[in-house]
> 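The structure follows.
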Amino acid sequence: MSAPAEPLVPAHPHTPGAAPALVRRVAPACVAGLAILALWQGVVWVAAPPAFILPGPLAVVRALAGNARLIAGHGLATLWEVLAGLVLGAGLGAATAVGLAFSRRARVLAMPLLVLSQAVPVFALAPLLTLWFGYGMLPKVAMAVLIVYFPVASAFLDGLLRTDPGWLDLARTMRARPGRVMWHLRIPAALPSLASGLRLAAVYAPIGAVIGEWVGASRGLGYLMLLANGRARIDLMFAALFVLVVLTLATRLAVGLLCRRLD
Amino acid sequence: MSAPAEPLVPAHPHTPGAAPALVRRVAPACVAGLAILALWQGVVWVAAPPAFILPGPLAVVRALAGNARLIAGHGLATLWEVLAGLVLGAGLGAATAVGLAFSRRARVLAMPLLVLSQAVPVFALAPLLTLWFGYGMLPKVAMAVLIVYFPVASAFLDGLLRTDPGWLDLARTMRARPGRVMWHLRIPAALPSLASGLRLAAVYAPIGAVIGEWVGASRGLGYLMLLANGRARIDLMFAALFVLVVLTLATRLAVGLLCRRLD
Amino acid sequence: ADHLTVMLDWFVNPDHGPIVIAQEKGYFADEGLEVETIAPADPSDPPKMVAAGRADIAVSYQPQLHLQVHEGLPLIRVGTLVATPLNCLLVKADGPIGSIADLKGRRVGFSVSGVESALLTAMLGSGGLTADDVEMVNVNWSLSPALMSGQVDAVIGAFRNFELNQMALENVPGRCFYPEEAGVPAYDELIYVANPERMDAAVISRFLAATEKAVQFIVNHSQESFRIFAATAPELDDALNARAWADTVPRLALRPAALDAGRYARFEAFMAGAGLIDGTLPVSRLAVDTGAVGEPAQ
Amino acid sequence: MTAPGITLSGRGLLGGQTLFGPLTLALPAGRWTCLLGPSGAGKSSLLRLIAGLDTAVRLEGGVSFSDGAGPQGRIAYMAQTDLLCPWLDVLGNVALGPRLRGTRPDMARARALISAVGLEGREDARPGALSGGQRQRVALARTLMEDCPVVLLDEPFSALDARTRAGMQDLAARLLAGRTVLLVTHEPGEALRLAHRLLMLGDGALTEMPLPDAPPPRAPDAPDTLTAQGSLFRALLGTSGSAGAPA
Amino acid sequence: MTAPGITLSGRGLLGGQTLFGPLTLALPAGRWTCLLGPSGAGKSSLLRLIAGLDTAVRLEGGVSFSDGAGPQGRIAYMAQTDLLCPWLDVLGNVALGPRLRGTRPDMARARALISAVGLEGREDARPGALSGGQRQRVALARTLMEDCPVVLLDEPFSALDARTRAGMQDLAARLLAGRTVLLVTHEPGEALRLAHRLLMLGDGALTEMPLPDAPPPRAPDAPDTLTAQGSLFRALLGTSGSAGAPA
Ligand SMILES: Nc1ncnc2c1ncn2[C@@H]1O[C@H](COP(=O)(O)OP(=O)(O)OP(=O)(O)O)[C@@H](O)[C@H]1O
Ligand SMILES: Nc1ncnc2c1ncn2[C@@H]1O[C@H](COP(=O)(O)OP(=O)(O)OP(=O)(O)O)[C@@H](O)[C@H]1O
Ligand SMILES: [Mg+2]
Ligand SMILES: [Mg+2]
């Protein structure tokens, strides 16, 4: 009797199936969107928070439709900040990790500064940022960069410090130059860790931009949310929040797709 | 001629040296503290921001000394929140990662919710949290948990999904139970990723607690900082901030030491 | 004793003097009340919590009340804490802004509230300007630092009893343009709001009576009352609060329960005119005098 | 526990190309089948196909067991790499199978196997502290610990010196007597010692090779073993392998 | 580029215990030295000590080169595991050395080596798509690519079938003629084909073994090679190894 092996244990999770990557990723996103809406409606039904604390999806959809152009404009501003922050922050973070991976002494000195950069709350930083960068797009991007930077640097550095010692031995007998070892061995071997950091950063970038907008802004979803909150337009605030969540999910999805190549 | 091999490429970075771990870790911390002070004084000298934006270290030390008991009391409150948040958040995050590692379908559904939990700004969440948890220590711990949770879950999950397929093949021929494979193979193999997540979380936990204190508090460093900031007691604010930074560094250091066993 | 949860608008500060003093001097206890105060970090939370039934009384702002009632929050003003506007348009005393008209082409910072742009627009109108003549920037957490460091030329949303003193202490003296002198109808900055569907008018009357006694004590014994206030928490005992206390005392409502219906009608009309609300509601939907016999809230 | 016979038949496709076959690989029940063949011929792939594991090689055909049941839970598989868990000590690695199944491992048996593979006293060592041959022996002990009716061994003795190798062969022959065993090896002498059936995979086809009459395990220095070894060796050197003529 | 002779002398300590020695391991300049010995005897450790790499074994003594210089940059080391980079294709792996030194790799040479090890046409394959023996040959090609006066090979042919193995031996013998080579192997026949000097590490001591008179590489089926092989095999089986008597 022919017995094509039945999987007893799930096969390697990254094994690609038959459908093209995009479809396989977009379908889940739709499911995900529905899941969020369902959760939301569920919370509204079960916990029954008053509408001025958490309005139901319907009210928010109505606000979304009624303020589509307004929200789109602010959303676009935030989107640019997110993209700029993500690219710059990831680049700086990766560069920092590589720099720190070279020298234990540098790590001892710089790690606290990295930690410091995350430990200082925005409102302490905000006046400094605006003093240096003014009120344009710069402080928002700076904030997104700051928030993206750390997980990328930290996760990538962890990976760079875990290079298989066998490869390092090999490099040593090959009389390799440290820079070359970094580029040809340690960095490629640590790419999965970089991907891990980037996936985290993708989630943090939008909230970073929004926080940057609180520092001082006249545009963006963060600004719109604060404004709507101040005007007791809770439905509008949640509509903007909804767009922010969608933007975050989309960023995470895109970065996730890009990162599959690094794993 | 005897030629004891000279290292051409740095040896494996985790190779322990001769000094005991504690000393090797505490000395850097002191160096780090000095580095931060130096950077701070440097910024004050070079950029010369007005004292109401960034006071010099001296003024802050004076404020620290003058308000030692006040700050210590608030610091202690925050410390408990941080510890509770870290333990709970890391536990929940690790548990989530393990749960999600079992099923691709669960991941597709749950990842967006995880992302959602990070994408929603505090001030939208705050009324909900207070509605559910009141004004005690609970909403602060909840906020720290929320912030710790995500990097732990995300990084650990990444690791759990990267198990060497060879081991999974072995497990399959051994007719292993999925739960056992998780416990005996996938989790141990992913511990370095968990460590990566925990190291990140250690940095985020204090800021999470502080953000929780903004949700509504009459204790804690976050409360003290906002109060001092609102009342332009910038020296007091920076004194509290300094304590927060030290607390964050200490948390990171402690978690880092614990995590060496996982790498 | 009846338990009463009171949410302040923000962290404890001299604006809350009457509540703190009533607590410390035992006036609440005298009225058979057990009052718990809670300080939030976001001033827009307390009314929501009262509307949601998580607190009995919230300290809020009159302009906010108009917005919130129009958005359907079950809220009503039951008393007054500070009976004048505190908000002001703040500039540097030695800066280039000598009059509102000088703001043309300048940058004005504001904080979270949505009302402030309406106030500013009205004030600009008194100087012959429109909203398009200035650039509005949300500076959120740092009103006075933004002004003092020259990032903006003026800020709206600063409190005259605080930010002025704060700037003086930093040796960057400031100057206020007062909304009520520049085209904005006078309003009550700080009010007590309750949920009309849940509130017990009699208990609230007793609460207001206690704070009235506290206001009297503060007005009569300004120095001593500040010492009592400052002794409640170490972080309150500083030079700024001492100065702010003195500037706050004359603005406290001497009759917390008293309702000036015309003031609410005028501000409702102003808000409608500024396009912040659609139509106007009767004052009875906005405010109530809990002591008025035989006149239940509608 | 009776050992089933196994038959794999069909064609192995790699990408669009045929790697081997169509062929039929029959493993007689309770017997040792040894598989020789040039590097890259598809020996490991055949093993994995029988074990029911994913391979890059697609089998156009099927695998059948003489008792009609599937491969589940009755195949012990020793891969070409040792696949030891670095976080477990030697004892833990040997007892991995029962642990993964959630049954109580027979620790006495595990210890006995460790000492049988010559690692007594190293029970607490981590794989990182073992030499290559020691690691391979731990993997062997782990496979023997499984006590399965079907055992697939992919070059299980390749990292061992002659003496240790002979010892391990004896051990395996003794403990796996009566099991259906498929042994992939590059050592003709090893195959001649252990095989009931000796197959050569070359040019995509299986060829059965002659064996001495004596039943395995055969003495390595018995005259007809040596004769067979000589002729097998010459046959192997004549096989067209994937290694080109050295330039 | 003249190949230096190398002498390692001293005692190897593992924890507090002596693993080997005191002994002197002399590699004659420009000659092949083959090292046999039971699993766990310390062969790989000796190799790593000569290469100047970290080992768990501490050498109480030293390594000296006949020309007085150090090991830097003139040792090619092929470890017991292949250490291929999974993100590089075969060509990239073979050309790793020059890349790491920042010099321009001689791609024609790399391709020639790949085809010499029998992997022509697989230049673009990733290590994950190679069989065990193919991976080992890529590692060999990478080592040969280094073109160093000193070459340390740790069981370089262990995963290869007899025919491919013979081809690789010929290739290595030809390309490494005149180099100082230390070859660790478990195959007596291999040692007898290639060695100028044949050493046995056993019971912590080095023993020199007799070799046929013909110079290497010797024909595997020459009569005195076969005779020597028989006696060496018997000697090896008599050596007390670390594997206990199978229980
Ligand atoms: N993922 C893959 N993609 C393409 N080809 C592959 C892949 N995996 C294996 N191969 C090829 O399949 C063939 C068979 O591989 P297999 O591992 O079965 O060989 P083998 O006979 O075990 O060789 P060895 O004796 O060297 O271990 C090899 O030529 C190999 O290059
Ligand atoms: N980190 C370590 N800690 C303790 N012992 C170790 C460590 N590394 C190696 N050893 C021991 O050192 C001894 C020599 O190891 P080595 O790898 O040199 O052996 P080998 O002769 O190459 O064996 P094989 O033929 O199996 O490869 C072994 O007994 C091994 O268990
Ligand atoms: Mg194979
Ligand atoms: Mg070895």
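What you see is a predicted model; the values in this text were computed from it and never measured. Sequence lines set the chain letters: A, B, ... in the order given, protein chains first and strands last, and positions in each chain run from 1.
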> Assess whether atom CD of E:Q17 is packed by more than 12 heavy atoms of other residues, nucleotides or ligands within 6.0 Å.
no
> Counting only heavy atoms closer than 4.5 Å, note whether D:E187 contacts chain E via side chain, backbone, both or neither.
side chain
> D:S44 versus chain E, heavy atoms under 4.5 Å apart: side chain, backbone, both or neither?
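Neither part, no heavy atoms under 4.5 Å.
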> Considering only heavy atoms, which portion of D:Q80 lies under 4.5 Å from any heavy atom of chain E: side chain, backbone, both, or neither?
side chain
> With respect to chain D, which residue among E:K43, E:E120, E:E155 yields the maximal number of heavy-atom pairs within a distance under 4.5 Å?
E:E155
> Where do D:S39 and E:R137 come nearest, in terms of heavy atoms and distance?
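Heavy atoms of D:S39 and E:R137 come nearest at OG-NH2, 2.7 Å.
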> Do you know which two heavy atoms are closest between E:G40 and D:S131, and how far apart they sit?
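In this case the closest contact between E:G40 and D:S131 is N-OG, 3.5 Å.
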> Quick one: does D:D161's side chain have a donor or acceptor within less than 3.5 Å of a partner on E:H186's backbone?
no
> Quick check: are there more than 12 heavy atoms from other residues, nucleotides or ligands sitting under 6.0 Å from CZ of D:R58?
no
> Can you tell which of D:A56, D:A159, D:S158 has the highest number of heavy-atom pairs within less than 4.5 Å of chain E?
D:A159
